[in-house]
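Only one structure is covered here, and it is reproduced in the block below.
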Amino acid sequence: MKLTELLSGIETLQRAGAPETDITSLGFDSRHATAGQLFFAVKGSASDGHDYMAQATANGAAAVVCERLPEEPFPGVAYIVVADSSAALGTIASRFYGEPSHKLKLVGVTGTNGKTTTATLLYDLFRRLGYKAGLISTVVYRIDNETLPSTHTTPDAIRLNAMLAEMAERGCDYCFMEVSSHSIVQERIAGLTFAGGIFTNITHEHLDYHGTFAEYIRAKKRFFDRLLKGAFALVNADDRNGAVMVQNSAATTYTYALRSFSDFRCRILENTPEGMLLELDGQQVWTRFLGRFNAYNLAAVYGAARLLGADCDETLQALSTLTPVNGRFDTLHSPDGITAIVDYAHTPDALRNVMDTVNELRSGAGRLIVVVGCGGDRDRTKRPVMAQIAAEGADLALFTSDNPRHEDPDAILSEMTATLPDTGRWLTITDRRQAIRAAAAMARKGDYILIAGKGHETYQITGDTRTHFDDKEEARKALGMALPRED
């Protein structure tokens, strides 16, 4: 594709070098630059692509998009200076892959909690309704019925547009994707056209990246600010920031809620260990999901489906067949009458919601034992809050490691428990495997063990090393349950 075609409509501040060239690929990693590539010098949190322009051109890059020219331009290479290389990357990637978001209906889901469940259930729902669909989520990427490993909640703009193009090529009618606050700020979704956007909720998270809660809210709002006229914005009316998200948005606003007046109202009629009976738009539907937080997710899914033109009765029927997402309130029942729940809850609000759901379900003398930790190199302000929620809401809390990364695991646990009173209802066990085993050893018939924080993850990150670790697998072993057979 000609460079001039890719740059059409892109505001450039300066151009230098070759006036025209053929572009065969896009990239932002100089180590993988090849002949004919358009290289983007992108500023990251750990490195600056401008420091690697020489390496990219030496490896064959034919053109470079940057925010400043190199001191010694490479002969025969075109240099395009723009105000924001990341934004240019998103727009140009979309153009390079044929504007794929115009060829299907793309729906983005953003918020602190519930993104994965909402996006995944929409994918499952529309597949049940007979459509081809794609999914981009924290857990997995899917192109119709093909599964690809997920590397980020929202992948980089090049991979994202490549996947959307393949979805369109394979005849997908829809794509449902999680939109993280990082991806919004880093312009990974620049150049995409969304048919709609969904806001789940917002609580304190990622302050290590955004700095303040206000900046975090502002990042989420930018997604809705960019929705075009004709798109829909579906927001949780029970979250006080729902109305903030859609201020000044060109999209048509709709709401869903459990408590407030809304366009799509949901009520929990029954909440049992087997599932919930919900009332959606005045009609009853039985679901296999548990907890108020899942009622919100299902209300969002129902509302989005209706806004995308799905029939009411067909949508409710399909909702009743959906099953929970891997690692989200994932339940195991041991032969000894102990229930273990593996959940991704890694924010204060998510942990509180899951614990509240368990406490609503347990009966008699059954106790709640919680195993939870906090990740290293991440928001430190939530650590004592998470510990307090666990200690106050559980009969016993075991604090342990959860992806310590480059921090000392014991130091993380010290920050979690620094302000906790010594009630005798909590203890620290640094090794996560040993913490799960201890919880299983202390549990008795009728007890619930909640293992929170990792959910679908099958690894533990220590330093720069990933080692295999699966909470569900460890819980099975600790409870004396057989591991599932691999096909």
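For the pair F293 and V354, the minimum side-chain heavy-atom distance is below 4.5 Å. Looking only at side-chain heavy atoms (C-beta outward), Q37 and I23 stay at 4.5 Å or farther from each other. At a threshold of 4.5 Å between non-hydrogen side-chain atoms, the residues R267 and L258 do not count as touching. Counting heavy atoms from C-beta on, the side chains of R226 and I184 never come closer than 4.5 Å. When side chains are defined from C-beta on, I136 counts as touching M167, because their heavy atoms get closer than 4.5 Å. Looking at heavy atoms from C-beta onward, V185 lies in side-chain contact with R222 at the 4.5 angstrom threshold. Looking at T112 and I202, their side chains come closer than 4.5 Å, going by heavy atoms from C-beta outward. In this structure, the side chains of F96 and N161 stay at 4.5 Å or more apart for every pair of heavy atoms.
Pairing each heavy atom of M53 with each of L69, the nearest pair is CE-C, 4.4 Å. L322 approaches L125 most closely through the heavy-atom pair CD2-N, 4.0 Å. Nearest heavy atoms, P100 versus S94: CD-O, 3.6 Å. The two residues P155 and R188 make their nearest non-hydrogen contact at O-CD, 3.3 Å. For the residue pair R95 and E5, the shortest heavy atom distance occurs at CD-O, 3.2 Å. For the residue pair D225 and M245, the shortest heavy atom distance occurs at OD1-O, 4.4 Å.
One finds the CE atom of M386 at 10.5 Å from the CZ atom of R352 (value rounded to the nearest 0.5 Å). Going from atom OH of Y216 over to atom OG1 of T203 covers 6.0 Å, rounded to the nearest 0.5 Å. Separation of atoms CG (L38) and CG (L26) is listed at 5.5 Å; rounding is to 0.5 Å. Rounded to the nearest 0.5 angstrom, D330 CG and I341 CD1 are separated by 10.0 Å. In this structure, CG in D263 is found 8.0 Å from CG in L234, a value given to the nearest 0.5 Å. The distance from the CZ atom of F28 to the CZ atom of F40 is 10.5 Å, given to the nearest 0.5 Å.
Environment of CD in E279: crowded, with over 12 heavy atoms of neighbouring residues, nucleotides or ligands closer than 6.0 Å. Atom CZ of R292 has 12 or fewer neighbouring heavy atoms from other residues, nucleotides or ligands inside a 6.0 Å radius.
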#### Entry: side-chain contact (heavy atoms from CB on, under 4.5 Å) assessment of T57 paired with F39
CA-CA 8 Å; T57 52; F39 175 77; over 6 Å; no
### Task
Please report the C-alpha distance between H346 and R378 in whole Å, then the side-chain angles of each, then the deciding distance to 0.1 Å, and finally whether the side-chain contact (heavy atoms from CB on, under 4.5 Å) criterion is met.
CA-CA 11 Å; H346 62 285; R378 295 295 186 268; over 6 Å; no
### Message
Working note: D22 + K2, criterion salt bridge (charged side-chain N to carboxylate O under 4.0 Å, His left out); need CA distance, chi angles, decisive distance, verdict.
### Response
CA-CA 5 Å; D22 289 318; K2 294 292 185 182; 3.0 Å; yes
### Message
Quick one, K221 with N241, criterion side-chain hydrogen bond (donor to acceptor under 3.5 Å, both in side chains). Give me CA distance, side-chain angles, the key distance, then yes/no.
### Response
CA-CA 9 Å; K221 186 181 184 307; N241 286 297; over 6 Å; no
### Message
side-chain hydrogen bond (donor to acceptor under 3.5 Å, both in side chains), that's the test. Do N236 and T200 meet it? Break it down for me.
### Response
CA-CA 6 Å; N236 181 355; T200 58; over 6 Å; no
### Task
Assess whether side-chain contact (heavy atoms from CB on, under 4.5 Å) is satisfied between E20 and L3, documenting all intermediate values.
CA-CA 6 Å; E20 181 57 292; L3 179 61; 3.3 Å; yes
### Task
List the steps and the verdict of side-chain contact (heavy atoms from CB on, under 4.5 Å) for L164 and Y97.
CA-CA 9 Å; L164 291 174; Y97 286 100; over 6 Å; no
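Remark: the backbone N or O of K115 is not paired with any side-chain donor or acceptor of E178 at under 3.5 angstrom. Remark: the backbone N or O of M276 is not paired with any side-chain donor or acceptor of E270 at under 3.5 angstrom. Checking side-chain atoms of S25 against main-chain N and O of G36 turns up no donor-acceptor pair under 3.5 Å. One N or O on the side chain of N201 and one on the backbone of N113 form a donor-acceptor pair closer than 3.5 Å. Looking at K229, its side chain never comes within 3.5 Å of a backbone N or O of A250 through a donor-acceptor pair. In this structure a side-chain-to-backbone donor-acceptor pair under 3.5 Å is present from S249 to F224. Looking at H50, its side chain does come within 3.5 Å of a backbone N or O of E67 through a donor-acceptor pair. In this structure, T255 contributes its side chain and S262 its backbone to no donor-acceptor pair below 3.5 Å. Between the side chain of K132 and the backbone N or O of I143 there is no donor-acceptor pair closer than 3.5 Å. No donor-acceptor pair under 3.5 Å is formed between the side chain of T339 and the backbone N or O of Y448.
In summary, the side chains of T458 and D470 do not present any donor paired with an acceptor at a separation below 3.5 Å, with no hydrogens or angles considered. A donor and an acceptor atom, one from each side chain of N297 and N294, are located under 3.5 Å apart. For the residue pair K472 / N326, no side-chain donor-acceptor distance below 3.5 Å is found, with atom types taken as modelled. Between D238 and Y296, the side chains place a donor N or O and an acceptor N or O closer than 3.5 Å (distance only, hydrogens not considered).
The side chain to side chain donor-acceptor pair (under 3.5 Å) test applied to R476 returns no partner, not counting sequence neighbours. Residues passing the ring-ring contact (aromatic ring centres under 6.0 Å, His included) test with F223 are F194, sequence neighbours excluded. In this structure E146 satisfies the side chain to side chain donor-acceptor pair (under 3.5 Å) test together with R170, sequence neighbours excluded. For H456, the ring-ring contact (aromatic ring centres under 6.0 Å, His included) partners are Y344, not counting sequence neighbours.
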N/O donor-acceptor pairs under 3.5 Å from side chains in residues 77-88, not counting sequence neighbours:
from : atom 1 : to  : atom 2 : distance (Å)
Y79  : OH     : F74 : N      : 2.8
D84  : OD1    : S86 : N      : 2.9
D84  : OD1    : A87 : N      : 3.2
S85  : OG     : A41 : O      : 3.0

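Residue pairs meeting the ring pair (Phe, Tyr, Trp, His ring centres under 6.0 Å) criterion with at least one partner in residues 100-146, sequence neighbours excluded, are F126-Y131, F126-Y174, F126-F176, Y131-Y174.
With respect to R328 and D343, no salt bridge is recorded, no charged nitrogen being found less than 4.0 Å from a carboxylate O. Note on R127 versus D144: salt bridge recorded, some NZ/NE/NH1/NH2 to OD/OE distance being below 4.0 Å.
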